[in-house]
Structures are given as C-alpha cells and as structure tokens.
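A short write-up of the structure that comes next.
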Amino acid sequence: MPKTISGFSKFNKLEKINWLVSSFFYNDENVKDILKQYWNKNEVLQDLHDDFIENTISNFYLPFAVAPNFVINGKEYTIPMTIEESSVVAAASLVAKFWSTRGGFKAEVISTTKIGQIHFMYEGDEVELKNYFASKKEDLFRVTTAITKNMRKRGGGILNIELRNKTAELDNYYQLHVTFDTVDSMGANFINSCLEAIAGEFKKEDIQIVMCILSNYVPECLVHAEVSCNVNDLYAENSEILAQKFIQAIQIANAEPHRAVTHNKGIMNGIDAVVIATGNDFRAIEAGAHAYASRSGKYKSLTNATIENGIFKFWIEIPLALGTVGGLTSLHPLSKLSLKLLGNPSAKELMEIIAVAGLAQNFAALRALTTTGIQKGHMKMHLTNIIKQLGASEEEKSFLINYFENKTVTHNAVVEAYNKLVQDK
Ligand code: MEV
C-alpha cells in the first residue's frame with residue numbers, strides 16, 4: 001500500500017483505519033482493536049467528537065479530575081482539570097486547602113480588551129493614507145453592524161479602529177489595529193469576521209491587504225490573582241528563611257530565562273488543565289502568556305512575591321482570553337459540565353479562577369523545590385503508577401509504598417521489589 005493518498009478525507013472511518021493499518025502497521029489487527037476500543041458506544045456522542053476535527057479515527061482520552069477546596073474572593077470552588085501529568089491535581093488540591101485556611105485567593109480582572117489586526121502594505125504618502133482612513137472610519141464600523149449586532153446586545157463589540165504606521169519595523173507596512181470587547185465569548189470567529197468585513201471596505205488601489213487575523217497577544221485582557229499571609233503562617237518551622245528562599249526562587253526566574261521557562265511551565269500546568277477542561281484554546285493561552293512573560297524584552301516569571309512588614313504576598317498577572325459561551329464550551333459535554341461545576345461563570349470570573357489555578361501550581365512547585373525538592377512528591381505518584389502497571393494487589397501496593405518510603409524510586413527498582421515480593425509468597 002502506498003503511504004501517500006488522495007481523497008482520504010472522503011473515506012469513512014473504517015476505510016481510513018484500514019488504509020492506515022495496511023500502510024503503516026503491516027495489517028496488524030491489534031492496531032484496529034486499540035483504535036476501536038476508544039470509540040464511544042453512544043453513537044450520538046461519538047458523532048459529536050468525530051465532527052470536531054477532520055479524519056477522526058478514534059478518541060484520545062486524558063484524565064478529567066477535580067481539585068476541591070479553592071476559595072477565591074470568598075467563594076468556594078471545586079476546579080475541573082484535564083491533564084496527564086501525575087502531580088498537578090494533587091498539588092492543586094493541597095495548595096487550595098492550605099490557602100483556604102489563610103484567607104483564600106483574591107483575584108481581579110484588570111481589563112478584557114481583545115485585539116485584531118488588518119496588515120497591509122502601502123507605498124504612498126502617509127498623510128493621504130491618514131485622510132483616507134479618517135474619511136472611511138465610520139464606514140468601517142458600519143460594515144460590521146450585522147456581525148456585531150448580537151455582541152452589542154450583550155454589551156460588547158468593536159471598541160476602536162486605529163491606523164498604525166509600522167514602517168519602522170518593515171518597509172511599507174501599516175495596519176488597522178482593532179480592539180474588541182467580546183464579553184463572555186473568546187471571540188476568535190467574531191473578531192476575524194469583523195476584520196474581514198472591515199478590510200473589504202478599506203479598499204484603495206494603492207492599499208494591498210496582506211491578511212486579517214486576531215492577535216493571541218492580549219496584554220490588555222489581563223487578570224491578577226494573589227494570596228497573602230503572615231510570614232510565620234507559611235511554614236511549620238524556619239518560616240522566614242524559607243519564605244526568603246521562595247522569593248529568591250522567583251528572583252532567579254527573573255534573572256535567568258532558562259529557569260523562567262520551567263517556572264512558567266509549572267504555572268501553565270495549572271492553567272492549561274482548567275483551560276482544556278472548560279473547552280478553551282490552550283495554544284492561544286500559552287502563546288499569549290509567554291509573549292507577556294517577555295514583554296520587557298527579557299523572558300521572566302509570570303509570578304512575583306514580596307515580604308513587607310511581616311506579610312508574605314504572592315501574585316500572578318497573566319493575559320487570559322477565555323470564553324464561557326460558544327465554541328467547544330457549548331459543544332463538549334465535559335466542558336459544559338466543568339462550567340456548571342464552576343457555577344456557570346462569566347468569562348471574567350473564569351479568568352480569575354484560571355489565574356488562581358496557575359498561581360496555586362507555582363506555589364506548590366516553588367515550595368517543594370525550595371524545601372524537600374520536587375522529586376519526593378513526583379516519585380510518590382510515579383511509584384503508584386508503576387505499581388498499577390505491574391497489576392499489584394492492594395496488599396502488594398501498600399507493601400511497596402512502605403518499602404519505598406526511604407528508598408529511591410526507579411522503574412527497575414520497583415519491578416525488582418515487586419518480583420521479589422511475588423516470588424517470596
Ligand atoms: C513540572 O511539570 C513543573 C516544574 O518543573 C515547575 C517548576 O520547576 O517550577 C516542577
């Protein structure tokens with residue numbers, strides 16, 4: 001069988017699988033079984049998932065978990081998380097409980113402005129372009145009125161259209177920089193539709209439109225979340241010294257991009273997990289967050305901490321363009337359930353919840369890294385995963401967990417200990 005094909009998308013699901021298995025897996029029937037075992041027996045549900053993307057042949061499961069005991073602005077939440085990394089939900093739950101007895105998390109949305117741009121080339125006189133833009137501005141709004149009607153009813157719409165001269169960055173490059181309030185929707189389709197309508201109206205023989213697209217860099221769609229407590233309430237002992245180490249860990253991330261990337265990756269562990277569970281676009285969130293971390297020209301930490309007058313304060317500021325209506329949020333049954341679990345929040349409230357999930361994750365990581373080290377907790381989860389893979393009984397499991405209490409966990413060591421345990425029986 002050839003390994004390239006045309007008309008593949010026209011095949012039905014079984015034909016697609018047959019082609020795949022004969023072309024890449026030597027007709028191994030096991031491969032078909034693996035793919036089919038993840039099909040949902042509920043055909044309506046399976047059809048729904050099939051239609052999310054092109055060429056669906058199976059489903060790829062990720063664990064869907066919850067982290068209880070979050071208190072945010074005085075309100076209790078159990079936060080849904082979708083992630084494969086073993087320690088993330090455990091860390092979130094631990095940290096949520098910890099801060100719930102210290103006043104909880106406080107969070108506030110700073111701004112919710114989203115951005116779209118029409119990029120174009122223009123070689124003519126700038127004043128003439130400015131005059132043309134001024135003469136057209138009203139029309140540029142007018143051509144979007146049908147598209148923006150519902151959004152305006154909900155309190156959103158186009159905030160402004162600005163002509164920007166970008167010729168210092170690239171010869172002849174200008175743009176229409178358009179700002180939006182998309183209220184509770186992420187707004188990608190809405191923004192792109194508006195931009196294309198505006199570009200269609202911004203026609204002139206010497207204007208060459210290159211492209212219209214929203215920006216995933218949204219430094220004005222920003223949320224702040226924080227925790228604070230008396231330094232002495234932070235650790236069981238040596239609180240001041242350990243709190244200083246915690247702050248140094250952030251200073252190191254600010255000084256050293258290699259560390260900052262890992263530091264922020266830990267934050268994104270918490271953020272992405274809730275973004276995915278609520279049906280939002282984690283690639284957009286990732287791209288925007290890392291661009292924001294580089295806004296000074298150097299890649300830095302998204303979190304910060306201080307100790308002032310004996311009070312430890314730890315906070316995050318992060319751009320999050322999220323939606324709680326439209327897109328996958330209204331299609332995927334688990335996303336709908338996640339949002340219901342959170343009390344059907346507005347997009348603003350979801351920004352607060354997700355910023356908190358990121359802050360909590362960073363707190364867990366820095367606390368572990370600057371005290372016991374990260375491997376203790378990780379290896380505990382790793383150990384239970386290996387034990388599970390070995391098919392150990394409950395009795396064998398508790399023996400092995402006890403046995404490895406003070407020993408280094410490696411895959412080999414666990415397998416050896418398990419084999420010995422089985423042999424000695
Ligand atoms: C692992 O997924 C995340 C950490 O590396 C984050 C960090 O180092 O801050 C533990």
Side-chain angles (χ1 to χ4, degrees), residues 62-67 70 79-99 105 225-227 234-235 241-277 282-283 285-294 296 298-307 312-320 354-386 408-411:
L62 281 177
F64 177 75
V66 293
F70 274 92
I79 297 187
M81 301 182 98
T82 296
I83 190 157
E84 87 300 344
E85 191 171 325
S86 54
S87 55
V88 171
V89 178
S93 306
L94 263 179
V95 170
K97 193 76 185 265
F98 178 87
W99 283 106
F105 294 83
E226 67 174 58
V227 282
L234 208 50
Y235 297 90
I241 296 168
L242 291 175
Q244 282 300 348
K245 265 181 94 173
F246 190 101
I247 287 177
Q248 282 158 1
I250 296 177
Q251 288 168 342
I252 289 169
N254 281 331
E256 163 57 87
H258 282 93
R259 171 57 203 152
V261 172
T262 317
H263 176 102
N264 288 344
K265 186 273 182 185
I267 294 172
M268 301 317 283
N269 278 344
I271 292 199
D272 285 345
V274 195
V275 168
I276 296 171
F282 64 94
R283 287 86 56 211
I285 297 298
E286 283 278 345
H290 297 298
Y292 190 70
S294 316
S296 65
K298 179 174 179 179
Y299 188 90
K300 287 185 175 180
S301 164
L302 288 162
T303 54
N304 229 314
T306 52
I307 300 173
F312 169 83
K313 187 171 139 186
F314 176 48
W315 72 94
I316 185 168
E317 207 178 84
I318 185 166
L320 293 173
I354 292 183
V356 163
L359 186 69
Q361 215 47 233
N362 189 227
F363 182 79
L366 296 189
R367 188 172 62 170
L369 285 167
T370 54
T371 55
T372 54
I374 206 76
Q375 283 311 84
K376 197 169 176 219
H378 274 196
M379 280 306 165
K380 214 165 139 196
M381 300 295 286
H382 188 45
L383 175 63
T384 42
N385 280 345
I386 301 170
T408 308
V409 176
T410 65
H411 193 270

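Order of appearance sets the numbers: ligands from 1, and atoms from 1 within every ligand.
When atom types are taken as modelled, the side chain of Asn362 and the backbone of Ile267 share no donor-acceptor pair closer than 3.5 angstrom. A donor-acceptor distance shorter than 3.5 angstrom exists from the side chain of Gln361 to the backbone of Val88, with no hydrogens or angles considered. Without hydrogens or angle criteria, Lys298 side chain to Ala255 main chain gives a donor-acceptor distance under 3.5 Å. Between the side chain of Asn264 and the backbone N or O of Lys300, at least one donor-acceptor pair lies under 3.5 Å.
Atoms of ligand 1 lying under 4.0 Å from at least one heavy atom of Leu369, given by number and element, are 7 (C), 8 (O), 9 (O). Every atom of ligand 1 with a heavy atom of His263 under 4.0 Å away is listed here by number and element: 9 (O).
Ligand 1 has an N or O atom lying under 3.5 Å from an N or O atom of Asn269, backbone or side chain. Close N/O approach between Lys265 and ligand 1 is found [any backbone or side-chain N/O within under 3.5 Å].
Using a non-hydrogen distance threshold of 4.0 Å, Arg259 registers as a contact of ligand 1.
Atoms CD and NZ, from Gln248 and Lys245 in turn, are 8.5 Å apart once rounded to the nearest 0.5 Å. The line from CD1 of Ile316 to CZ of Phe105 is 10.5 Å long, rounded to the nearest 0.5 Å.
Remark: minimum distance from atom 5 (O) of ligand 1 to any protein heavy atom is reached at Thr262 CG2, 3.5 Å. Ranking the protein heavy atoms by distance from atom 1 (C) of ligand 1 puts Glu85 OE2, 3.4 Å first.
At a heavy-atom distance under 4.0 Å, no atom of Asn362 approaches ligand 1.
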